[in-house]
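Chain letters run A, B, ... following the sequence lines, proteins first and then strands; every chain starts at 1.
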2 protein chains.
Amino acid sequence: MPKRSTVKKKRRSKAEQRAESLEQILDAAEYLFSRHGLHGVTLRDVAHRVGIHTTLLHYYFDDKRNLFEAVFARRAGETSRLRMAAMHQYELDSAGRPTVEGALHAFLDTDLDLYMRGGEPWMNYGAFCARVSNTTEGAALMDAYFDPVVLKLVNLLKQALPDYSDADIFWGYHFVTGALMTTLGRSGRIDRLSGGVCRSNDFAAVKKRIAKFMAAGFLALKER
Amino acid sequence: MPKRSTVKKKRRSKAEQRAESLEQILDAAEYLFSRHGLHGVTLRDVAHRVGIHTTLLHYYFDDKRNLFEAVFARRAGETSRLRMAAMHQYELDSAGRPTVEGALHAFLDTDLDLYMRGGEPWMNYGAFCARVSNTTEGAALMDAYFDPVVLKLVNLLKQALPDYSDADIFWGYHFVTGALMTTLGRSGRIDRLSGGVCRSNDFAAVKKRIAKFMAAGFLALKER
DNA sequence: ATTATCTATAGATCTATAGATAATGC
DNA sequence: ATTATCTATAGATCTATAGATAATGC
């Protein structure tokens, strides 16, 4: 049984070694945390999945909570940045007259594209975030990393709906994020419920519908 | 320090004692599981909250998983029955011509009313279900208890939208349940995001908007 | 000489069971 | 005589730390 580093005999620099180990650990932790949550995963589980000893996790990440946050932080910047850029671009393109649907396309489709393009690691990260988002503990992480991008969306929505109350805007966003998080969670329930007509992994099907669906919802709040 | 049974000196029958203990245990477990999930709660936590020894949990519920399922099962019947009845009544009232919004009012408002009426225990149960619903493990429980009531809603939606594909119906439902579960979860995020304009506990505010919002979303799927 | 990884182990919990005690039931 | 509750404890597992070993760095 060869050690994992002897498979490729190529001599690795320490920086490379470090980076590779960090990434393998984060990938394994991301996968496991996304399915079982912080408390449903032991450091042994993570170490075993990587093929290392649990002490190495402490060497790189100090403790479990810190590893959890590192998983969250690793990709948060990229999704945030891409959505921010997409909304900024849309704001320019719409020349001061953004629509609800346009804003939602920039916010939602950009994110769904990222998960589809990113393959399994990004899909796992999406499920991880979905899990974090509906817990009280995890909420602080969401606040810290995603408030700016959400508030940017809210700002566009307010421009598109100048006569709306803040309450209508924020509750509408609340429904949007609920739909998005349930999508990212991919629990498999919609697959069974629909008898296979829908598949949890089919983000393309969601992307085809979600922005239009939610935009109509916002517009309907006026007539109340 | 008096024992908890000596506070009220009234002589209790064993059946009463049993029922009371069962309920206290389930309440405590429901509260804790709703906040921290299956693995985030120890039997010691539950026992400590009730003021009993952890062995009594095993006496009544055998093991931890069984206690978890008992929490889920205790109230599942009532929410299911009430929504089923409301949708059945609506089906009769609408005389074969149900609307999307009518069906969603029966499904969503009935449930939100139950949580508002039921006070803290029911609110905790809602958060518990929200947590269960977006996990892979918990999905089997959702299937087992809530498939009939969801399929009843789907049936009404199909009547209201006879030219819609199954995929559109089920993806629409997926968005609806996402918004509902995020509401039940009450993570507190919308409170902070909105600067206090919205409050996670304000189910009345959600009820005022959600059915109308989602109904418009469904109708918008046609023009694609 | 420094950094990555492993061995050994402490100390704390956690779930679960066996068996004792205290209360109600008839 | 039966049921509710507690005491004592086994056995497993978990996080974390100290210190040893093996690799790269210069």
How many Å lie between [atom1] on [X] and [atom2] on [N], as a whole number?
{"X": "L22(B)", "N": "dT3(D)", "atom1": "CG", "atom2": "C1'", "answer": "13 Å"}
{"X": "E20(B)", "N": "dA4(D)", "atom1": "CD", "atom2": "C1'", "answer": "13 Å"}
{"X": "L57(A)", "N": "dT7(C)", "atom1": "CG", "atom2": "C1'", "answer": "16 Å"}
{"X": "Y59(A)", "N": "dT7(C)", "atom1": "OH", "atom2": "C1'", "answer": "17 Å"}
{"X": "R18(A)", "N": "dT24(D)", "atom1": "CZ", "atom2": "P", "answer": "16 Å"}

Practice item. Please check the phosphate of dT5(C) (OP1 and OP2 only) for any side-chain N or O of Y60(A) closer than 4.0 Å. Key: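 Checking Y60(A) against dT5(C): at least one side-chain N or O falls below 4.0 Å of OP1 or OP2.
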Exercise for review: Tell me whether the OP1 or OP2 atom of dT7(C) has a side-chain N or O from T55(A) closer than 4.0 Å.
Suggested key: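 No, outside the criterion.
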Review point. How many angstroms lie between atom CD of E30(A) and atom CZ of F72(A), to the nearest 0.5 angstrom?
Key: 11.5 Å
Check your understanding: Between the base of dT3(C) and the side chain of K14(A), is there any donor-acceptor pair under 3.5 Å?
Key ->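 Under the 3.5 Å cut-off, the side chain and the base do form a donor-acceptor pair.
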Check your understanding: dT21(D) pairs with which nucleotide, Watson-Crick or G-U wobble, both distances below 3.5 Å?
Key -> dA4(C)
Study note, to complete from the structure: Judged by nearest nucleotide, the residue sitting upstream toward the 5' end of DNA chain C, T42(B) or A15(B), is T42(B)
**Study point:** Selected nucleotide, minimal atom distance to Q17(A) side chain, candidates dA4(C), dT17(C), dT24(C)
**Key:**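 For the Q17(A) side chain, the nearest candidate turns out to be dA4(C).
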